[in-house]
Amino acid sequence: ILNVEQSPQSLHVQEGDSTNFTCSFPSSNFYALHWYRWETAKSPEALFVMTLNGDEKKKGRISATLNTKEGYSYLYIKGSQPEDSATYLCAPPRDSGNTPLVFGKGTRLSVIA
Amino acid sequence: KAGVTQTPRYLIKTRGQQVTLSCSPISGHRSVSWYQQTPGQGLQFLFEYFSETQRNKGNFPGRFSGRQFSNSRSEMNVSTLELGDSALYLCASSFSGSTYNEQFFGPGTRLTVL
C-alpha cells in the first residue's frame, strides 16, 4: 500500500501571507505526482502533474516543486487570498502505466480576510 | 466543453437497499474512475473503467460494482447498503487513464444510509 503523507493537516493564514505545505511519498518507483485543489461544495480541480525530479510548475500565485530522490513535493501559495481557501490534495499513481491515483488526506487551508 | 456530470446529487436510502449512481464523463474521455470520500479517510479508490472493461479495482467488498457503457458513461452500484456506506461518491474522467493524465472530477453524489 502506497503511503502518502501531507502536512500540516490544516492551516490558517492571514490574507496576503505566503504559505507552503508538504506532500511525502515513497521515493522508490516514482512515476508522477498530481496536485489537486478541492474547494468546499465544488469538485476537485487538477493543479499540476509533475514527473521530473527538480520539476517546478506554476499557475498564477501557486507553484509546486518536486524532489523524487527524497520523496517530497512542496506546494507554495504567494500572497494568499480568501479564494485560495480549499483542501489541497496530492496523489502519486499506485504504479506505472494506467493505474489509479493514491490520494493523501490533504491540507486544509483557510485564508482569513 | 461540458464537464463531468453525476446523478443524482443527493440520495437517502435505508440499510439493506441497493443504489445505482451514474457518471457521464467529458466527451472523448474513455477512462472513468470512482472514489469514495468519508470524513477522516480521504479519497479512496473504488474502481476504474476503460473501454467498457474494469481495468483497476480498489479494496472494497463485492457489494460495490460498476460498469461502463459504449458511450463511456459509467454506473456504480452498491447492494445491501450498510450505514458505513454513507459517503460522498465522486467519479473522475480522463482521456486514457494514464498515470500522466489529469483527472476531471464530477460534483459527486452524497449518499446517506439510514
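Bear in mind that the values here come from a model prediction, so they are computed numbers and not experimental data.
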Using non-hydrogen atoms only, which part of B:Q103 is less than 4.5 Å away from chain A: side chain, backbone, both, or neither?
-> both
Under 6.0 Å from the six-membered ring centre of A:Y88 and within 45° of its axis: does the NZ or CZ of A:R37 meet both?
-> no
Is it the side chain or the backbone of A:Y36 that comes within 4.5 Å of chain B heavy atoms, both, or neither?
-> side chain
Kindly give the heavy-atom pair with the smallest separation between A:S7 and A:F21, and that separation in Å.
-> O-CB, 3.3 Å
Would you mind telling me which of A:P44, A:A91, A:P92 has the largest number of heavy-atom pairs within less than 4.5 Å of chain B?
-> A:P44
Greatest number of heavy atom pairs closer than 4.5 Å to chain A - which of B:N59, B:N101, B:N56 | B:N56
Applying a strict 4.5 Å limit to non-hydrogen atoms, the region of B:S33 in contact with chain A is neither
Portion of A:L101 that has a non-hydrogen atom of chain B nearer than 4.5 angstrom | both
Given the options B:S94, B:G42, B:G106, which has more heavy-atom pairs under 4.5 Å with chain A than any of the others?
-> B:G106
Side chain, backbone, both or neither of B:F50 within contact of chain A (heavy atoms, under 4.5 Å) | neither
Pick from A:A46, A:G97, A:A32: which one has the most heavy-atom pairs with chain B under 4.5 Å?
-> A:G97
In terms of heavy-atom proximity below 4.5 Å to chain B, should A:T51 be classed as side chain, backbone, both, or neither?
-> side chain
Passing option when B:L21 is tested against B:N77, B:L11, B:L90 for side chain to side chain contact (heavy atoms under 4.5 Å, CB included) | B:L11
By a 4.5 Å heavy-atom criterion (distance strictly below it), what part of A:S96 contacts chain B: side chain, backbone, both, or neither?
-> backbone
